[in-house]
Number of protein chains: 2
Amino acid sequence: MGDGTSARRLEPSEVPTPERILDAALASFGSRGYDGTSLDALGAALGMSKQAILYWFGSKEGLLDALIDRSARELADVLELALVGADGGWAKVEAVVRSAFRLAGRRPELLGLVREVSRLGPGAALRLVSALQPLIERATAFLEAEMDAGRLRRHDPTILLLASYSAVTGVATEVEVLRALGVEPDRRSLARRRRALIDLLRAALVPAPMPG
Amino acid sequence: MGDGTSARRLEPSEVPTPERILDAALASFGSRGYDGTSLDALGAALGMSKQAILYWFGSKEGLLDALIDRSARELADVLELALVGADGGWAKVEAVVRSAFRLAGRRPELLGLVREVSRLGPGAALRLVSALQPLIERATAFLEAEMDAGRLRRHDPTILLLASYSAVTGVATEVEVLRALGVEPDRRSLARRRRALIDLLRAALVPAPMPG
DNA sequence: CTCCTGTTCTACCATATGGTAAGTGAGTGC
DNA sequence: GCACTCACTTACCATATGGTAGAACAGGAG
């Protein structure tokens with residue numbers, strides 16, 4: 001988006017090999033985890049040998065780094081769009097949360113990777129958060145301004161961000177836990193979970209209306 | 001607790017071998033992850049060979065299962081104590097969150113394992129949540145009763161639980177992310193994070209007081 | 001002293017893994 | 001036609017891993 005590339009949908013065979021590898025890696029790292037994914041298996045799933053992967057990314061860690069970069073960019077693009085697009089105050093917060101849930105429905109692996117990354121040592125986590133830094137800063141500034149203006153209840157912005165992010169990813173992606181809690185994690189329940197979490201956040205963030 | 005065992009603190013050498021193995025496994029699985037922990041390394045850290053571990057637990061997966069069971073029991077004990085002990089309404093919620101944070105300070109590996117487990121496939125997650133089931137049911141019933149009585153704002157109890165749990169573990173244990181966010185995760189900041197998260201939860205849960 | 005049981009060790013194995021080395025065929029520039 | 005690059009492939013390797021087999025060693029029973 002924004003560059004000169006045509007927006008036409010590419011045939012699968014037209015997708016450049018590195019992109020296809022990153023797609024497969026995202027799916028596998030997000031579900032089976034980084035350690036649980038072997039280059040052999042990844043190559044087999046792509047119909048190529050693992051050396052093709054090593055050719056493009058040099059090493060398994062290089063693949064992870066590239067994947068983190070691309071994923072962070074995609075995540076930041078989606079959320080930034082919502083952050084810029086909607087009206088201010090609570091409406092903007094809700095728009096961002098909604099788009100995060102939409103992402104969880106359309107590309108669950110992406111949030112799965114984010115969860116996985118925080119487990120892969122300081123390097124990976126730092127890389128991810130660094131790539132998200134501009135988004136985080138903009139979000140923090142927005143929250144502080146809205147709190148100053150009295151349109152949102154005052155809270156520690158950093159903790160608010162981390163707590164909301166944790167809650168959203170937890171509620172949107174912890175399918176095993178949900179199943180064990182008796183919630184079948186299908187599309188319909190995702191919408192219900194989204195509504196419930198938005199209600200919760202609204203209660204925490206929207207100031208009580210002046211009585212009368 | 002509750003059985004006939006003496007409560008006196010045991011010398012390290014007195015701790016039975018299986019317990020010592022579970023302690024080391026908890027530390028290693030929680031930080032380096034299950035896949036990232038080899039039985040060889042675990043044995044070396046304990047000053048024994050990996051065969052001693054296999055002798056007690058049969059297989060690596062057997063060790064994981066036993067660890068999940070013990071950890072779930074410990075987690076449930078701590079939280080249940082808080083759930084029973086405090087006054088009703090918001091005070092009880094706050095007490096549970098406080099004791100979760102205390103646990104995060106004293107035994108961070110425990111919450112680290114809980115985070116790790118949800119990545120290890122349906123089996124492990126199911127095993128953990130099953131062991132926590134009684135606690136979950138009691139908590140859900142408590143929340144529903146308090147909401148009915150108007151002492152807590154009405155929300156979906158399941159989502160409320162999952163969101164709170166995600167937020168607490170996120171805020172309490174995502175040290176890499178916090179560091180990248182500019183928060184040095186020491187003891188003092190843990191207390192500050194706890195306060196901020198409790199404020200957030202209170203805003204979401206405590207009904208607005210009648211004006212006047 | 002001998003036997004037995006419980007606990008841990010040494011030795012070993014099959015398998016899987018990330019990574020290297022070298023080769024191959026298609027396409028391109030000249 | 002020839003050199004060269006690109007995008008891979010097959011072949012191979014060192015290492016690490018979970019797990020098995022069996023010896024060794026302690027301590028108690030008889």
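Naming: A, B, ... by sequence-line order, numbering from 1 per chain.
Among all heavy-atom pairs drawn from A:Ala76 and A:Leu135, the shortest one is CA-CD2, 4.0 Å.
OP1 or OP2 of C:dC9 lies within a sub-4.0 Å distance of a side-chain N or O belonging to B:Ser49. In terms of phosphate contacts, B:Trp56 brings a side-chain nitrogen or oxygen within less than 4.0 Å of OP1 or OP2 of C:dT8. Contact annotation: A:Ser38 side-chain N/O to C:dT17 OP1/OP2 distance is under 4.0 Å. Residue A:Thr17 has no polar side-chain atom (N or O) positioned under 4.0 Å from OP1 or OP2 of D:dA7.
Atom CG of B:Leu54 is separated from atom P of D:dT17 by 13 Å (rounded to the nearest Å). As a whole-Å value, the separation of B:Lys60 NZ from D:dG18 C1' is 8 Å. Distance CD (B:Gln51) to P (D:dA24): 16 Å, rounded to an integer number of Å. Between the CD1 atom of A:Ile53 and the P atom of D:dA7 there is a distance of 16 Å, rounded to whole Å. A:Leu63 places its CG atom 15 Å from the C1' atom of C:dT17, with the value rounded to the nearest Å. Taking atom OH of B:Tyr55 as the reference point, atom P of D:dG19 lies 17 Å away to the nearest angstrom. Following rounding to the nearest Å, B:Asp40 (CG) and D:dT15 (P) show an atom-to-atom distance of 15 Å. In this structure, CD of B:Glu61 is placed 18 Å from P of D:dT17, rounded to the nearest angstrom.
No more than 12 heavy-atom neighbours from other residues, nucleotides or ligands sit within 6.0 angstrom of CZ on A:Arg138.
Side-chain atoms of A:Ser99 and A:Arg102, non-hydrogen and from C-beta on, do get closer than 4.5 Å to each other.
No salt bridge links A:Lys92 with A:Glu146; every basic N to acidic carboxylate O contact stays at or beyond 4.0 Å.
Scanning atom types as modelled, one donor and one acceptor separated by under 3.5 angstrom connect the side chain of A:Lys50 and the base of C:dG19.
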